[in-house]
2 protein chains.
Amino acid sequence: MRLSTRTRYGIRAMLELAENVGRGPLQLRIIARRQDISVKYLDQLMAILKSAGFVRSIRGSKGGYMLAKAPVQIKLSDVFCCLEGPVVTVECTENENYCARAADCVARQVWTQLQEAVMAVLQSITFQDLVDRTKDKKALNYQI
Amino acid sequence: MRLSTRTRYGIRAMLELAENVGRGPLQLRIIARRQDISVKYLDQLMAILKSAGFVRSIRGSKGGYMLAKAPVQIKLSDVFCCLEGPVVTVECTENENYCARAADCVARQVWTQLQEAVMAVLQSITFQDLVDRTKDKKALNYQI
DNA sequence: ATAATATACTACTAATGTCGTAGGAATAAT
DNA sequence: ATTATTCCTACGACATTAGTAGTATATTAT
């Protein structure tokens, strides 16, 4: 069970945008440089995030990307599933008819439990939470 | 984030063995037939489970596989990690030095939270629990 | 107008991992 | 000996990932 860079990069890019709220559009190359991601690859990830409605873009000079909603309104689970696909992908938990044993299958029960545990974490966190956490971390570091 | 058939098959095979405790060795082809898995593929999975110490085998005619420990002593997390690798694989959660931003990275915090949530579920379930669940299910079905 | 700066879009590719298939060797029971 | 079983290694088809590359399009600045 591995987390793709697509998801990791995408969420880090969203976090950059969340921290940039109120300061106009942020350019791909800035995000890419700060997060150490290939510009061209990030380009494709932003296309996914845009078509999913999480970000909006401004083309041309002085353009860039912005969050489409307030950070407090975007849950981690939304973006995660958009990039990574369904959490803990097992056919049988989604498709009752995928397997004849589904009704009796205790393994299937476990996969469902896992799914719920992961979703509970991701649904409990918004991008605003992450922005706040970052501020806390930085404040702590200055103090030291 | 996808669960491999390796893990799903492996755990289902272990469950068959757990339900067979006290009845001598169980043959690959029996497990494969009951769980609808390719014998040859399961063959390889059993090799992994054996070298990890979860099952032991008896070669030759009338041979087969048995659990190496009591079902109550085998946690799902043990077998899961053996087959699937570390839960929610992200380099930076294991390797502090993987990324320079690690100390300040809130994304990394989230991955750690996910990891812990998944492990908590898997560590709380033993194969004995699964055997019991199966019995409950069957009892319920007879009743209906 | 023209140049510069950005996003938008499409196509391609190298590497990797998954999910098997295949064939035979070793071992034990009958 | 024959049969049944695990054990071991090699191979292959397929899908996915993580990019690279090039071009088109939109907007701003000069």
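Excluded from the calculations below are hydrogen atoms, water molecules and symmetry mates; all remaining heavy atoms, backbone and side chain alike, are included. A note on names: the letters A, B, ... follow the listed sequences, proteins ahead of strands, and every chain is numbered from 1.
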**Student:** Tell me whether the OP1 or OP2 atom of C:dG20 has a side-chain N or O from B:S38 closer than 4.0 Å.
**Tutor:**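 Result: no.
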
**Student:** Can you check each nucleotide of nucleotides 1-15 of chain C against protein heavy atoms at under 4.0 Å and return B for base, S for sugar-phosphate only, - for none, in 5' to 3' order?
**Tutor:** ----BSBBB-B----

**Student:** Which is the 5'-most and which the 3'-most nucleotide of DNA chain D that has an atom under 4.0 Å from a heavy atom of chain B?
**Tutor:**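 Extent of the interface on DNA chain D: D:dA4 to D:dA10.
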
**Student:** For the pair made of CG in B:L83 and P in C:dG17, what is the distance, rounded to whole Å?
**Tutor:**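 Computing the B:L83:CG to C:dG17:P distance gives 17 Å.
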
**Student:** First locate atom CG of B:L42, then atom CZ of B:R29, and finally report the distance between them rounded to the nearest 0.5 Å.
**Tutor:**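 If we round to the nearest 0.5 Å, B:L42:CG and B:R29:CZ are 13.0 Å apart.
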
**Student:** State the CG-OG1 distance between B:L45 and B:T7, to the nearest 0.5 angstrom.
**Tutor:**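 If we round to the nearest 0.5 Å, B:L45:CG and B:T7:OG1 are 9.0 Å apart.
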
**Student:** Inspect the contact between A:E19 and A:K135 and indicate whether a charged nitrogen and a carboxylate oxygen are less than 4.0 angstrom apart.
**Tutor:**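 Not counted as a salt bridge, because no side-chain N and carboxylate O are separated by less than 4.0 Å.
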
**Student:** Measure the CG-CD1 distance between B:L76 and B:I11 for me, rounded to the nearest 0.5 Å.
**Tutor:**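 CD1 of B:I11 is found 4.5 Å from CG of B:L76.
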
**Student:** If I take atom CG from residue B:D129 and atom OG1 from residue B:T134, how far apart are they, to the nearest 0.5 angstrom?
**Tutor:**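 It is 10.5 Å, given to the nearest 0.5 Å.
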
**Student:** Distance check needed: C:dC19 P versus B:Q35 CD, whole Å only.
**Tutor:**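 So the CD-P distance, B:Q35 to C:dC19, works out to 16 Å.
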
**Student:** Using a heavy-atom cut-off of 4.0 Å across all strands, would you classify A:R2 as base, sugar-phosphate, or nothing?
**Tutor:**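 Sugar-phosphate, no base atom in range.
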
**Student:** For A:Q109 and B:R133, which heavy atoms make the closest approach, and how far apart are they?
**Tutor:**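 Heavy atoms only, the tightest pair is OE1-NH1, 2.7 Å.
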
**Student:** For B:R108, run the salt bridge (Lys or Arg N to Asp or Glu O under 4.0 Å) check against B:E96, B:E94, B:E91 and tell me which one passes.
**Tutor:**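 The salt bridge (Lys or Arg N to Asp or Glu O under 4.0 Å) with B:R108 is passed solely by B:E96 among B:E96, B:E94, B:E91.
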
**Student:** Can you give me the closest heavy-atom contact between A:F127 and A:A18, atom names plus distance?
**Tutor:**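 That closest heavy-atom pairing would be CB-CB, 4.2 Å.
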
